[in-house]
Peer 1: 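What follows is a single structure, and I will ask about it in a moment.
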2 protein chains.
Amino acid sequence: MALEHILLGILRKPASGYEVKAHFDRVFRHFWAAELSQIYRTLRRLEDEGLLASRAEASAKGPSKRVYQATARGRQRLRHWLTVPEVGDERLTYVSQVYFLAELRDAATTRRFMRALHDHFAARLAELEAIEQGWRQDPRYPDALPDEDFHPQLTLALGLRKLAASVAWADETLARLAARDPDQEADRGDAA
Amino acid sequence: MALEHILLGILRKPASGYEVKAHFDRVFRHFWAAELSQIYRTLRRLEDEGLLASRAEASAKGPSKRVYQATARGRQRLRHWLTVPEVGDERLTYVSQVYFLAELRDAATTRRFMRALHDHFAARLAELEAIEQGWRQDPRYPDALPDEDFHPQLTLALGLRKLAASVAWADETLARLAARDPDQEADRGDAA
DNA sequence: GGGGTCATGTAATGAGTTACATGATTTT
DNA sequence: AAAATCATGTAACTCATTACATGACCCC
C-alpha cells in the first residue's frame, strides 16, 4: 500500500489533509495520484494505528484545520517500507490501445491517435524540464545537493529519461506509419 | 475501463476465460495484469451487456469450457475505445520510495535498493529482448509486418525504449551515489 | 493415488473514484 | 453579491486482489 507510506513520508513535516493534497497535485502527481476523500480516510486510519498524531489548529484563512504528523512508529514504518523496492505490474491503458490499433483499419485515426500520444508525452516532458530549470538555479545542482533534495532529483531524472524515450518512440512510430501508408492525406489541420 | 476493452480485443478470436488468462500472463503482463476471478466476472458482465456471446464447448483435457467471442457490438465498442488515447496517471510505487530514500540515512541500504531496482529493470529488458529475438526470425520484421503484428510490435518497441531508459538511469544513479559516498564498503556479497 | 494443469466460480476485503454535503474566509 | 480558495468529511460505487471451493482429466 503505497498511499499510506507516501503520507507517512510527507508528514515527516506537519500538514493538514488539504495541504497534503496540494503536495500531491504539485509533486507526487508525476508518479502517484490521490483524491482528497481518500487522503482524509487514510489519514484517520493511520492515526488510529498510531502512525500519525494530529492536533486542531487555527488556519490563516478559512476554517480551522487538523494538522497531522508522523509519530516515531510512523517514521519507523516508513523506513521499513524503503528497504525493498516495490515494482508491481504497471497498468498502461494506452499501450493496450496501441496493441489493438490495427482493428481500426483506418490510417487517419491511427495517425491522430499517435499524434495525440506524442503531444501528451511532449507536454509532460516540457513540464519536467521546466521543473529542472528551476532547480538549476541552485549552484549545488545536481550532485552537490543535500540528500533530502538529491533523492527527489533522482525521481526527476528518471521522469526525464522515460518521457524522452516515450517521445522518441512516438516520433519513430509516426515516421514508420507514414512509411507504411505513403498516400496519407496528412490531416494537419491545414486541410487536404 | 481498460480490462473490459482488452477482453473485447482478445476475444475477436474465440477463447475461454482460462485461455484469456493465459494470454494475459504471456503477452499483456508487460503492460496490464488481471486475475482469473476478475476476468470471469467481467466476461459475464460483458455477455449480459451483449458485447460478448458464449457457448459451452468440450475441452481436449479437463472439464468443459465456456468459449466467448466478441459480438458485432463488442467490436464496435472496441473500435470506439481506440479512437482517443487514455493516459491516466501512472502509479509507480518505487518512484515514491526513491523520493523518500534519504530518510533511511543509510548508504548501504540505499545502494542495495538501487541495485535491486537496476536488476529488476535489466531482467525485464532481457525478457523483451528475447521476445524481439524471436520476432526477428520473421523476414518481414519489423516494418513489413502485417498490421495485426505491426501494432503489437510497436508496444514491444516502446517497452524496450522505456526499460533501456530505466536501466540507464539506475546505472547512472548507482554511479552518482558512489561518487557521493566514497568510503562505501561495496557489499557486493564478496565481503568487506 | 498424488501432482499438475484445465476449468469455473463465490465471498470477503481493500483501494480508489465520484458525487454529495457543509461551511468559513478572502478576493473581485 | 458572487466566485475562488480553504477546509473536512460521508456515501455509494467500481475495480481489483486474495482466499476459498469444486471438480475433471492426465501422467507418473
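Throughout, protein chains are lettered first and strands after them, A, B, ... in sequence-line order, and every chain is numbered starting at 1.
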Peer 1: Specify the residue among Asp89(B) and Ser16(B) whose closest nucleotide of DNA chain C lies further upstream toward the 5′ end.
Peer 2: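 Its nearest nucleotide being more 5', the pick is Ser16(B).
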Peer 1: Under a 4.0 Å threshold between the charged nitrogen and the carboxylate oxygen, would Arg73(A) count as salt-bridged to Glu49(A)?
Peer 2: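 Salt bridge: no.
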Peer 1: Is the shortest distance from a Lys or Arg side-chain nitrogen in Arg45(A) or Glu47(A) to a carboxylate oxygen in the other one below 4.0 Å?
Peer 2: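 Result for this pair is no, no salt bridge flagged.
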Peer 1: Rounded to whole angstroms, how far apart are NZ on Lys65(B) and C1' on dC6(C)?
Peer 2: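 So the two atoms are 9 Å apart, to the nearest Å.
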Peer 1: Could you give the side-chain donor-acceptor pairs of residues 80-90 of chain B under 3.5 Å, partners two or more places apart or in another chain?
Peer 2:
unit_1: Trp81(B); atom_1: NE1; unit_2: Glu86(B); atom_2: OE2; d: 3.4
unit_1: Thr83(B); atom_1: OG1; unit_2: His80(B); atom_2: O; d: 2.7

Peer 1: Rounded to whole angstrom units, what separation is found between the OH atom of Tyr18(B) and the C1' atom of dG23(D)?
Peer 2: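 Roughly 13 Å, once rounded to whole Å.
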Peer 1: Decide salt bridge (charged side-chain N to carboxylate O under 4.0 Å, His left out) for Asp147(B) and Arg180(A); before the verdict, give the C-alpha distance in whole Å, the side-chain angles of both, and the deciding distance to 0.1 Å.
Peer 2: CA-CA 10 Å; Asp147(B) 281 3; Arg180(A) 285 173 77 84; 2.7 Å; yes
Peer 1: Taking atom C1' of dG9(D) as reference, at what distance in whole Å does atom CZ of Arg66(A) sit?
Peer 2: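 After rounding, the gap between these two atoms is 12 Å.
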Peer 1: Starting from P on dA16(D), measure out to CZ on Phe28(B) and report it in whole angstrom.
Peer 2: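 Nearest whole value for this atom pair: 15 Å.
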Peer 1: Considering residues at least two apart in sequence or located in another chain, which fulfil the salt bridge (charged side-chain N to carboxylate O under 4.0 Å, His left out) criterion with Asp171(A)?
Peer 2: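 Salt bridge (charged side-chain N to carboxylate O under 4.0 Å, His left out) check on Asp171(A) returns nothing, list empty.
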Peer 1: What is the distance, to the nearest angstrom, from the CZ atom on Arg91(B) to the P atom on dC15(D)?
Peer 2: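 Value for this atom pair: 14 Å.
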Peer 1: Who are the salt bridge (charged side-chain N to carboxylate O under 4.0 Å, His left out) partners of Arg29(A), not counting sequence neighbours?
Peer 2: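 With sequence neighbours excluded, Arg29(A) shows a salt bridge (charged side-chain N to carboxylate O under 4.0 Å, His left out) to Glu127(A), given in chain and number order.
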Peer 1: Nearest-Å distance, CZ (Arg45(A)) to C1' (dG14(C))?
Peer 2: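 These atoms are roughly 9 Å apart.
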Peer 1: Between dG14(C) atom C1' and Leu46(A) atom CG, what is the distance in whole Å?
Peer 2: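 Rounding to the nearest Å, CG of Leu46(A) and C1' of dG14(C) are 15 Å apart.
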Peer 1: Between Phe31(B) and Arg91(A), is there a cation-pi geometry (under 6.0 Å to ring centre, at most 45° from the normal)?
Peer 2: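 No, Arg91(A) does not sit over the ring of Phe31(B).
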Peer 1: To 10°, what angle do the rotation axes through the five end pairs on each side of the helix from dG1(C)-dC28(D) to dT28(C)-dA1(D) form?
Peer 2: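 Both end axes considered, the difference amounts to 20°.
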Peer 1: So, using side chain to side chain donor-acceptor pair (under 3.5 Å) as the criterion, who are the partners of Ser37(B) when residues are at least two apart?
Peer 2: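 Expected list: none.
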Peer 1: If you measure from the Lys or Arg side-chain nitrogens to the Asp or Glu carboxylate oxygens, is any gap between Asp48(B) and Arg44(B) under 4.0 Å?
Peer 2: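 Between Arg44(B) and Asp48(B) there is no salt bridge, as every charged N stays at least 4.0 Å from the carboxylate O atoms.
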Peer 1: Which of these nucleotides, dG9(C), dA16(D), dT17(C), is closest to any side-chain atom of Tyr68(B)?
Peer 2: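 The answer is dG9(C).
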Peer 1: Send over the distance from Arg29(B) CZ to dA16(D) C1', rounded to a whole Å.
Peer 2: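 Distance, rounded to whole Å: 19 Å.
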Peer 1: Which residues in residues 32-44 of chain A have a heavy atom closer than 4.0 Å to any atom of DNA chain C?
Peer 2: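 Within this stretch, Trp32(A), Glu35(A), Ser37(A), Gln38(A), Arg41(A) sit under 4.0 Å of the strand.
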